[in-house]
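Values below: all heavy atoms of this structure, side chains included; hydrogens, waters and symmetry mates excluded. Residue numbering restarts at 1 for every chain, and letters A, B, ... go by the order of the sequence lines. Keep in mind it's a predicted model, so treat the numbers as computed, not measured.
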There are 2 protein chains.
Amino acid sequence: MLHVAEAARVSVATVSALINGTATVSPELSQRIEQAIRDIGYKRNAIARSLKMGTTRTIGLTVPHITNPFFTDVVSVIQQAFDRAGYAVMLCCTDEDLNTQDDQIRLLLDRMVDGLIVARVGDGAILKRIVDDANVPVVLLDRICEGVDTDAVVLDNQRAVFDAITYLINLGHRRIGYITGTSDISPMHDRMAGYREALHAAGLPIAEELIRFGNFHEIDGYNATMQMLSSHDRPSAIFSANNPMVIGTMKAIRDIGLSCPEDISVACFDDFPWSDVFQPQLTTVAQPVQAIGEQAANLLLDRLAGNRDAPPRKLLLKGRLMIRNSCRPHGATVQSVSA
Amino acid sequence: MLHVAEAARVSVATVSALINGTATVSPELSQRIEQAIRDIGYKRNAIARSLKMGTTRTIGLTVPHITNPFFTDVVSVIQQAFDRAGYAVMLCCTDEDLNTQDDQIRLLLDRMVDGLIVARVGDGAILKRIVDDANVPVVLLDRICEGVDTDAVVLDNQRAVFDAITYLINLGHRRIGYITGTSDISPMHDRMAGYREALHAAGLPIAEELIRFGNFHEIDGYNATMQMLSSHDRPSAIFSANNPMVIGTMKAIRDIGLSCPEDISVACFDDFPWSDVFQPQLTTVAQPVQAIGEQAANLLLDRLAGNRDAPPRKLLLKGRLMIRNSCRPHGATVQSVSA
DNA sequence: AACGCTAATCTAAACGTTTCGATCATGTCA
DNA sequence: TGACATGATCGAAACGTTTAGATTAGCGTT
């Protein structure tokens, strides 16, 4: 900018005024300056600007795994929204690891991001501390956090799983396996609650051996399914509370020589683009990813626009059960799915 | 830092020296400073540091669509690699749009990223200019670019498609539909060349009506497939040069009342996590996503480590044909796939 | 002609670091 | 004991912006 100012024989203040439109500058100086900018190929240094202004027009986004199709879609939507608003987004994947997450959030705050969208991991103690003394707005995505009182957009997980399990119960299933991630994050906790509630509402007992915990990965779903299917009194249906784990479930069913939906019904949380085209077409709980991403972005953008003191807003969205052909009436051997 | 210095009754220079280990500071001052840092909860401002140092420890990454499973995986790998190296990554999705891409690259350069990994879009003219006068290292991912002479890691696309088409030919297919994206990016160009080469090598004619162009999206694959299948002399096999488009292909096959692989064989470029578990299990060309991501990251990290003047390095990786059960011998009606 | 008002421009300080060179003890050696 | 190297610490400039406040010029009023 100094060079531009010299070339145009004006002060840097005038150059700045012209670029930002913060003051009127006369036509002849404008022209000289614009010419100089072109000649020199000047680009404003956003870092220097950020230092002075105290704002980077950059936000941080952390998710557990970008390869989980739910997060893939949500990240995509959020990225687009901030792109439209002229913000850059720094993406971090925490790999479901608490320490990684803390490091990454610190890294983002060091870089002075203007705001944070986080799909947290692990217990919320450190996150709470970070959120408290970083004074940037934070919106919680997908996973709320005890004691961290900030904007959030989450699904009504309990209701969604309740509906799905009730659907299976109505198909006649009595022993329904349930594969979940660790319960220390709210969606897993709430989904489990939905499972229990549905069984309870139907007057069915809760068989603890049908509830298996994994670490969100395919292999965990595989192992959990293997264990359940090897028992003498195996479930007639399995619900996986997480999408990557259901791949493991399907592989286990195949490897053990059974097939879905003939021998066992399967449903899972989180829809994916292929679910319509391949067999079995998996019955899933679809989250409104577009809405979730947009709402999260809007909440943050609103804070960034200056609305700092409004009380925390919690958005609760509804899931939708996508009924396809991976679940059959219990005991049915015919092709038809009619209950 | 000023506050820390005051609290510890030292100069800011000493604080900086201690934090960065750039000079020895006596035990008692060290202790006083560390205490002050803890008391105040001081965090170094990475923006100010970047301004002074001329480096942000941040890189920019642009891809067409993060929801394309190939890019999902590669982004994930790259993100992890830079995370390990202490870099942040700014992610942009260009949506296959040239203007968007240019804007985003400019945005990234304004923010003084230390390097750029780009899976480009459109013609390379502007990209070339940007790369030339931004003096940050750039590595091209997946798509090389005429005239832009810089590090790159790409697949041997021609060979990969040659192998896939040859496989179909060996199954007895003579009329093989080919669905591709626009040819202005190198992978699409090279894959098409592989298609033509394979037909040519087998002495088969190239039927131009069997070659359809789309814009990488599911709907394009759907329309292209619909057109081909509606013709009186439809192909017995279809190869889709892009993964999202194959979903459209499968939907079109279903909607038109045919089935795969009984009536028509299908294969496509880019593997995806579900391909093993659902029917038909799609035969695909798998890219070594892990290697691609790591190599791209390594090339850039090497430049960032100071190796600026080495000549451009082009890495050519090999694809792998994952043969599953979505392709049958032409005319076969039995279950077995034995050619 | 003196005055005030407005619009255009400039000067200089500030943002929070890093780092060069200067300063100042302290101990070593002739 | 004086000269000198050594090691620790500091002062101040610099990175490239923004912006508050000062300055200047131009113009209409009285």
Atom-to-atom span, NZ of A:Lys52 to P of C:dC15 - whole angstrom
7 Å
Please determine, for the side chain of A:Asn20, which listed nucleotide (D:dA8, C:dT9, D:dT18) has the closest atom?
D:dT18
Separation of atom CE in A:Met112 from atom P in C:dG16, rounded to whole Å:
9 Å
Measure the CD-CD1 distance between A:Gln295 and A:Ile78 for me, rounded to the nearest 0.5 Å.
11.0 Å
Looking at A:Asp184, is its backbone amide N or carbonyl O close enough to the side chain of A:Thr182 to form a donor-acceptor pair, meaning the two atoms are under 3.5 Å apart?
no
Would you mind telling me which residue lines up with the more 5' stretch of DNA chain C, B:Ala48 or B:Thr14, judged by nearest nucleotide?
B:Ala48
Mind checking the CG-OG1 spacing from A:Leu140 to A:Thr150? Nearest 0.5 Å is all I need.
6.5 Å
Using a cut-off of less than 4.0 Å, is there contact between a side-chain N or O of A:Ser26 and OP1 or OP2 of C:dA8?
no
Can you see whether A:Thr58 engages A:Arg111 through a side-chain donor-acceptor pair at a distance of less than 3.5 angstrom?
no
Please tell me if B:Ser16 has a side-chain N or O lying less than 4.0 Å from either OP1 or OP2 of C:dT17.
no
Please determine if a side-chain N or O atom of B:Arg49 lies less than 4.0 Å away from the OP1 or OP2 oxygen of C:dG16.
no
How many whole angstroms separate atom CG of A:Leu2 from atom P of C:dC10?
13 Å
Euclidean distance, atom CG of residue A:Leu18 to atom P of D:dT19 [Å, nearest integer]
15 Å
Regarding the side chain of A:Val12, the nearest nucleotide among D:dA8, C:dA8, C:dA12 is C:dA12
Between B:Asn68 and B:Thr72, a side-chain donor and acceptor under 3.5 Å:
no
Can you tell me how far C1' of D:dT17 sits from CZ of B:Arg111, to the nearest Å?
15 Å
Figure out the CD/P separation between B:Glu6 and C:dG16, and round it to whole Å.
12 Å
Distance in angstrom units between A:Glu28 CD and C:dA7 P, rounded
16 Å
Listed in order of residue number, which residues of residues 30-46 of chain A have a non-hydrogen atom at under 4.0 Å from DNA chain D?
A:Tyr42, A:Lys43, A:Arg44, A:Asn45
Separation of C:dT11 P from A:Arg9 CZ (nearest whole Å)
15 Å
One should read off an interatomic distance between A:Met90 CE and A:Thr62 OG1, to the nearest 0.5 angstrom, of 13.5 Å
Checking B:Lys43 against A:Arg106 for the side-chain contact (heavy atoms from CB on, under 4.5 Å) test, could you report, in this order, the C-alpha distance in whole Å, the side-chain angles of both residues, the deciding distance, and whether it holds?
CA-CA 9 Å; B:Lys43 294 267 127 102; A:Arg106 252 186 281 273; 4.0 Å; yes
Of all the choices, C:dC10, C:dG16, D:dA12, which nucleotide is nearest to the side chain of A:Leu51 once you look at every atom?
C:dG16
When all nucleic acid strands are considered with a 4.0 Å heavy-atom cut-off, which category describes A:Leu29: base, sugar-phosphate, or nothing?
sugar-phosphate
